[in-house]
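To keep things clear, I will list the structure first and then write my remarks on it.
None of the values given here were measured: they were computed from a predicted structure.
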Amino acid sequence: LAGCADGVPVSVDIDVEPTPVAAIATATPIVCNGDNVDVDITTPSSTTAAHTFDLVVTSTNMGATGGTAFADLAGQAYPLTINGTLINNSNSVITVTFTATPKLAGCADGTPVSVDIDVEPTPVAAIATTTPIVCNGDNVDVDITTPSSTTAAHTFDLVVTSTNMGATGGTAFANLAGQAYPLSINGTLINNSNSVITVTFTVTPKLAGCADGVPVSVDIDVEPTPVAAIVTTTPIVCNGDNVDVDITTPSSTTAAHTFDLVVTSTNMGATGGTAFADLAGQAYPLTINGTLINNSNSVITVTFTATPKLAGCADGAPVSVDIDVEPTPAADITTTTPLVCDGDNVDVDIATLSTTLAAQSFDVVVTSTNMGATGGTAFADLAGQAYPLTINGTLTNNSNSVITVTFTVTPQLAGCADGTPVSVDIDIEPTPVADIATTTPIVCNGDNVDVDITTPSTTTAAHTFDLVVTSTNMGATAGTAF
């Protein structure tokens, strides 16, 4: 007061709040799908009024993001740690943003702060093949790709198995580890069995630091090399007999499985029969029961060769079986004595024209045009004779006419029908006979006589006689008849 001492001072205080500040940080800037995060929200501010924050959680793919940590919060007190999970339902990395806005009661909000966390997708692999069925030893085409886009290293392991591990091989039948996408497998698969083998390629997608993805697989059926088996219960047959050839397969295949049959022989021009025919595209099993014919005099070997076939694949190894076809037994009979005298020796030669596997023999039947008047050591039947044979016995003719003796040979082959009989004839002359008679047993001196000379014999050769005239008194006997 002017001119006076000052009064007692008085005062009032006003507290000025700071602008609220929040700090946000994470120890998990990249997490695997479904993992827990670590987000810490703190404040450096010291205030009088209530000091809180709101949290907004967003992502680059809202529809594919989930988890317990993917939730907004309001009016939260400091400090706060978020340890919930984040889920990525897509095939690409999703960035999740945690934004904290600091709040102070009655004051304006502070500046929002945020932190990002990248959420890896679960690794996914895709596997496909353009070769679901392959032939034995063929190349396969297996393509392995991924729809996933990740931050961490993204690889896969491949495990190859089969339904018959011991019989499976090939350059494609191998496990692989830590492979990069994409990969095409073009190696071979080998099937050493007689049945279809299913080979399974299983891919397990991997992401560094994360759990493996769901394995995916594709199957390839590997056909066996086609195999045929051929057997016969008739390795040797007679000419014209039926054969028994059985063609089967031990193979079990997916594709059509057939065989071609080629029938050959050691003498094509002389071989025939209903079984002597090629066949194509035959189904298993097949039994051949037709005939085989041998038009020669020697054994013919007929070979049945079956070549197994599998649609779209290389042929299997041909297999074959042989059948020996006996000829019809044939004999040859000749003589150097087509005409003999009564009691003479004959020469009959019997040989065979055939070469056979089974025992070959013959029977001889000897007949004549006058059985009752024929004899001799050569006039005898023979059975089961071996070749060659020469008959040198005698033939006798007890009649007055030529007798024709026929030697008939029937060729025989053990187990087979007889061959065609062959024969040769020998004519046996009778012993020549003369008859002499007279109607003038007594005559006067100088009279004519009547002496008749005849023969009952009929011969092939010239037939004559000699006449000798004698008397009881040769010196006193004469005349034109003497």
Side-chain angles (χ1 to χ4, degrees), residues 24-41 55-73 80-100 114-132 140-163 172-187 198-220:
I24 190 167
T26 183
T28 54
I30 302 175
V31 294
C32 301
N33 188 10
D35 278 2
N36 290 95
V37 298
D38 178 31
V39 177
D40 297 304
I41 305 170
L55 181 68
V56 175
V57 188
T58 59
S59 81
T60 53
N61 188 341
M62 295 294 285
T65 311
T68 58
F70 193 66
D72 295 341
L73 300 172
L80 179 67
T81 298
I82 299 171
N83 292 123
T85 58
L86 286 179
I87 295 174
N88 181 347
N89 292 315
S90 76
N91 286 321
S92 299
V93 174
I94 293 177
T95 299
V96 176
T97 302
F98 292 81
T99 301
S114 62
V115 71
D116 291 339
I117 295 179
D118 288 334
V119 187
E120 298 279 13
T122 297
V124 174
I127 187 169
T129 182
T130 59
T131 54
V140 297
D141 176 43
V142 177
D143 297 304
I144 303 169
T145 58
T146 181
S148 302
S149 173
T150 64
T151 302
H154 186 199
T155 62
F156 66 89
D157 289 348
L158 176 70
V159 175
V160 188
T161 58
S162 83
T163 52
F173 193 68
N175 296 334
L176 300 173
Q179 299 298 297
Y181 298 97
L183 180 69
S184 288
I185 299 171
N186 296 119
T198 299
V199 175
T200 301
F201 293 80
T202 300
V203 172
T204 301
K206 298 203 171 255
L207 185 62
C210 296
D212 294 343
V214 177
V216 292
S217 63
V218 71
D219 291 339
I220 294 179

Value rounded to 0.5 Å, distance of [atom1] in [X] from [atom2] in [Y]:
X      : Y      : atom1 : atom2 : value
Asn36  : Ile82  : CG    : CD1   : 12.0 Å
Ile94  : Ser149 : CD1   : OG    : 11.0 Å
Thr155 : Leu183 : OG1   : CG    : 12.0 Å
Thr58  : Phe70  : OG1   : CZ    : 7.0 Å

(message) Please identify which of these residues, Val31, Asn83, Ile117, meets the side chain to side chain contact (heavy atoms under 4.5 Å, CB included) condition with Asp38.
(response)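 Output: one option passes, namely Asn83.
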Nearest atoms (heavy-atom pairs only) where [X] meets [Y]:
X      : Y      : value
Val203 : Pro205 : O-CD, 3.6 Å
Ala180 : Phe156 : O-CE2, 3.6 Å
Asp212 : Pro123 : C-CG, 4.2 Å
Ala172 : Ile185 : CB-CG2, 3.9 Å
Ala125 : Val216 : O-CG2, 3.4 Å
Gln179 : Leu176 : CG-CB, 3.6 Å

Quick one: does [X]'s side chain have a donor or acceptor within less than 3.5 Å of a partner on [Y]'s backbone?
X      : Y      : answer
Thr146 : Val124 : yes
Thr95  : Thr60  : no
Thr81  : Asp40  : no

(message) If you define the side chain from C-beta out and look only at heavy atoms, does anything of Val199 sit under 4.5 Å from Val140?
(response)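 Counting from C-beta outward, Val199 and Val140 never come under 4.5 Å.
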(request) Compare all side-chain heavy atoms of Ile144 with those of Phe201 and state whether any distance is below 4.5 angstrom. (result) no
(request) Using distance alone, with no hydrogens and no angle criterion, decide if Asn88 and Ser90 have a side-chain donor and acceptor under 3.5 Å apart. (result)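 Present: a donor and an acceptor within the cut-off.
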(request) Quick one: list whatever passes side-chain hydrogen bond (donor to acceptor under 3.5 Å, both in side chains) with Asp219, sequence neighbours left out. (result)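 With sequence neighbours excluded, Asp219 shows a side-chain hydrogen bond (donor to acceptor under 3.5 Å, both in side chains) to Thr200, given in chain and number order.
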(request) Dump the intermediate steps for side-chain contact (heavy atoms from CB on, under 4.5 Å) on Leu73 and Leu80, then the final yes or no. (result) CA-CA 11 Å; Leu73 300 172; Leu80 179 67; 3.7 Å; yes
(request) Would you please name every residue forming a side chain to side chain contact (heavy atoms under 4.5 Å, CB included) with Ala126, sequence neighbours left out? (result)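 Per chain and number, Ala126 pairs via side chain to side chain contact (heavy atoms under 4.5 Å, CB included) with Thr145.
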(request) Could you please spell out the steps behind the side-chain contact (heavy atoms from CB on, under 4.5 Å) verdict for Val57 and Thr65? (result) CA-CA 10 Å; Val57 188; Thr65 311; over 6 Å; no
(request) Could you name each residue pair satisfying side chain to side chain donor-acceptor pair (under 3.5 Å) that touches residues 24-34, not counting sequence neighbours? (result)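 Those involving residues 24-34 are Thr26-Thr28, Asn33-Thr122.
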(message) Evaluate Ile30 against Glu120 for side-chain contact (heavy atoms from CB on, under 4.5 Å), listing each step before the verdict.
(response) CA-CA 7 Å; Ile30 302 175; Glu120 298 279 13; 3.9 Å; yes
